[in-house]
There are 2 protein chains.
Amino acid sequence: MWAASPAFRRQLVLLRSLLPSPPSPPPSSSTSVAGRFFAPSCSSPSSTPSGSIRASHAMAGSAVYEADAEAVVRRITPPLDRSRHKGQAGKIAVIGGCREYTGAPYFAAISALKVGADLSHVFCTKDAATVIKSYSPELIVHPILEESYSVRDDERASVSSKILTEVAKWMERFDCIVVGPGLGRDPFLLDCVSNIMKHARQANIPTVVDGDGLFLITNNLGLVEGNPLAILTPNVYEYKRLVQKVLNCDVNEETAAEQLTLLCQKIGGVTIMRKGKADVISDGKTVTQVSTFGSPRRCGGQGDILSGSVAVFTSWARHFIMSNAEPTEKRVNPMTLGCIAGSLLLRKAASLAFEKSKRSTVTTGIIEFLGKSLEDICPAEH
Amino acid sequence: MWAASPAFRRQLVLLRSLLPSPPSPPPSSSTSVAGRFFAPSCSSPSSTPSGSIRASHAMAGSAVYEADAEAVVRRITPPLDRSRHKGQAGKIAVIGGCREYTGAPYFAAISALKVGADLSHVFCTKDAATVIKSYSPELIVHPILEESYSVRDDERASVSSKILTEVAKWMERFDCIVVGPGLGRDPFLLDCVSNIMKHARQANIPTVVDGDGLFLITNNLGLVEGNPLAILTPNVYEYKRLVQKVLNCDVNEETAAEQLTLLCQKIGGVTIMRKGKADVISDGKTVTQVSTFGSPRRCGGQGDILSGSVAVFTSWARHFIMSNAEPTEKRVNPMTLGCIAGSLLLRKAASLAFEKSKRSTVTTGIIEFLGKSLEDICPAEH
């Protein structure tokens, strides 16, 4: 039903128009002219055969369109211009890292740098900061968050206010923030992060919400409701909780695309990337997927790579669309493009890492291949 | 105008005289006898074509002379003499590293070692010290600086005095110090660093000022005014603030070389390297540039590599000039030579790192290539 809606058809046309003609690499003989960014798939996400990007003729009533993710990556990745200054390729911040978790925010932040951002910050607790700093001198780590155990009840208001002031003075410099990797579930810390999210929204900073950030917003939907600059990236469990909370029902694979569309609409225009065998992306208007096969390894941390990568690609997509003279392109949702590109890059990198390390593949090994994966799709000389 | 001044011509002749005859490697057929260290460029820094060092005949009215930076590196880099002792190839200290920043002082200090210094120290806060120590066992890290939050008001005077005493007992051992990488902007810490800078000046220790050190001196010009052993290395934003503060005007690209010369003169003989597409260097008498193409990646941290490298080359240049028997050479400014050499080395290393890692290039990756870059220009066996 949604596939035939005017809103969907309009966005599809807009997205198709993004690709320059003739496209590079040239379309295969099975590619229809209609399928530049999205090639329709007649299967549901859970039954989509794995493989590289599929392009075939449009099929009425198909549930999910396969994104031409390589074309998206090539289109939104900015050229490396010799006259540019530090920061112009992206400044990203990750809000996360507590007494328990330090790996997740590191993975997200270093991935942003390895995809091509110029500066990558982490805002975390003091306990986490020393460790995250020691993982890499490349990151700027702010030890400013606090957990309940370190704050007396009578100090909470003043500490919370101080934390917000500290983050706020940086906020407008960021092109995108990621909320959630290794955030934990400490109530005081989550309260502070709620304030940070509200501030980011007022400052119009795109916000990727993952991990414990999804726990936070599922219990406080107002934090993202009606925010078109919010991207949620739930895994199977986080998605289930979100559907139950927002739609008061269970996940239904038979109507997966419609359910995802409805979920985005109910939350008021956010973009959701439902992670799985295929990553399915909707902004409440279109539903697209990336099903390029990555790796059969499911080691923890891959979601953090994804959130950091999506943050960079989203900021690039926004810049691309805002600076593009074509009026049609200004109506394409850069959040969707950022999700498509991030999904593909992780899958490519995971595939290369698995080829090298097989069962021993871990997250740092995948991060090592982000550069080569991007280079394979979109060589830096171009 | 400045290019034709007697002071400029004198320094140009002096600098040319530095290169032994015949030079090694021999000049190409396009090299004029006039262009040993400086080959004139008729273009402004922002429009100079990238490429290796250019050498052509002198051109009246040209704005900026391209340094023969490879010749400078070869001339000032000391031979590796088997009879030398630890420390004779350079002892460098970086003043920087606070609660927020640990990567920047590490990059500067480790770069000094990788260029060829024998000992590299870091003076930073306690919070930063543990992390910087963990990056590398090669550095000597002194956890002695303090930020406002860790010092009671009534303790400030005594803490400040203790910090100065601690640094002062090391100061005379250093051949050059770098003030600023990851220094932060805490008022108490900056006060202490002001005292350290004054002490370094009294002890005649060359001082490279970068990052937050430039924030400090822009608000307190007396710290560097009239100090011929001070080198400032501003990026585009820091340069803009410096010009506004000292010259009470905006940066004018039409008269960039004259403005830079005037800036150096107004601050009383300091050397300034204005970083950008080309690095433009002046001591108020000559203006030269290094425009060898490095890398289009603008990841944070490259300025720290530069400051650490400039510190080493400056100490080598001073030693070379002071120990040279030729009276003319004693009048060449070693600060200028240090900047030229540091600029070229970073550009070479960044180019090699980019060739390897493309968009994934990060600062640690560039540091890995400092050694090869120097070896390519100036093999250690020679």
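All heavy atoms count here, side chains included; hydrogens, waters and symmetry mates do not.
- For Glu138(A), the parts sitting under 4.5 Å from any heavy atom of chain B are the backbone and the side chain alike.
- Glu166(A) CD to Glu100(B) CD: the interatomic distance, rounded to the nearest 0.5 Å, is 6.5 Å.
- Only the backbone of Ala117(A) comes within contact range of chain B, with heavy atoms under 4.5 Å apart.
- More than 12 heavy atoms of other residues, nucleotides or ligands shown are found within 6.0 angstrom of NZ on Lys245(B).
- More than 12 heavy atoms of other residues, nucleotides or ligands lie within 6.0 Å of NE2 in His199(A), so this atom counts as buried by the packing criterion.
- Around CD of Glu172(A), the count of heavy atoms belonging to other residues, nucleotides or ligands within 6.0 Å does not exceed 12.
- In this structure, the portion of Leu374(A) lying under 4.5 Å from any heavy atom of chain B is its side chain and not its backbone.
- For the atom pair NZ of Lys114(A) and OG of Ser357(B), the computed distance is 6.5 Å after rounding to the nearest 0.5 Å.
- The 12-atom threshold is exceeded at NZ of Lys133(B), counting heavy atoms of other residues, nucleotides or ligands nearer than 6.0 Å.
- Between Pro137(A) and Thr364(B), some side-chain heavy-atom pair lies under the 4.5 Å cut-off.
- Top candidate by heavy-atom pairs under 4.5 Å with chain A, chosen from Arg297(B), Lys275(B), Arg99(B), is Arg297(B).
- Residue Ser136(A) touches chain B through its backbone alone, counting heavy-atom pairs closer than 4.5 Å.
- You'll find the side chain of Arg298(B) stays beyond 4.5 Å of the side chain of Leu80(A), heavy atoms only.
- Contact of Val236(B) with chain A is made through the side chain alone, with heavy-atom distances under 4.5 Å.
- Closest non-hydrogen pair, Ser134(B) versus Ser134(A), comes out as OG-CB, 3.4 Å.
- In terms of heavy-atom pairs under 4.5 Å with chain B, the best-connected choice from Leu119(A), Leu370(A), Val141(A), Ile144(A) is Val141(A).
- Summarising the local packing, OH of Tyr101(A) is surrounded by 12 or fewer heavy atoms from other residues, nucleotides or ligands at distances under 6.0 Å.
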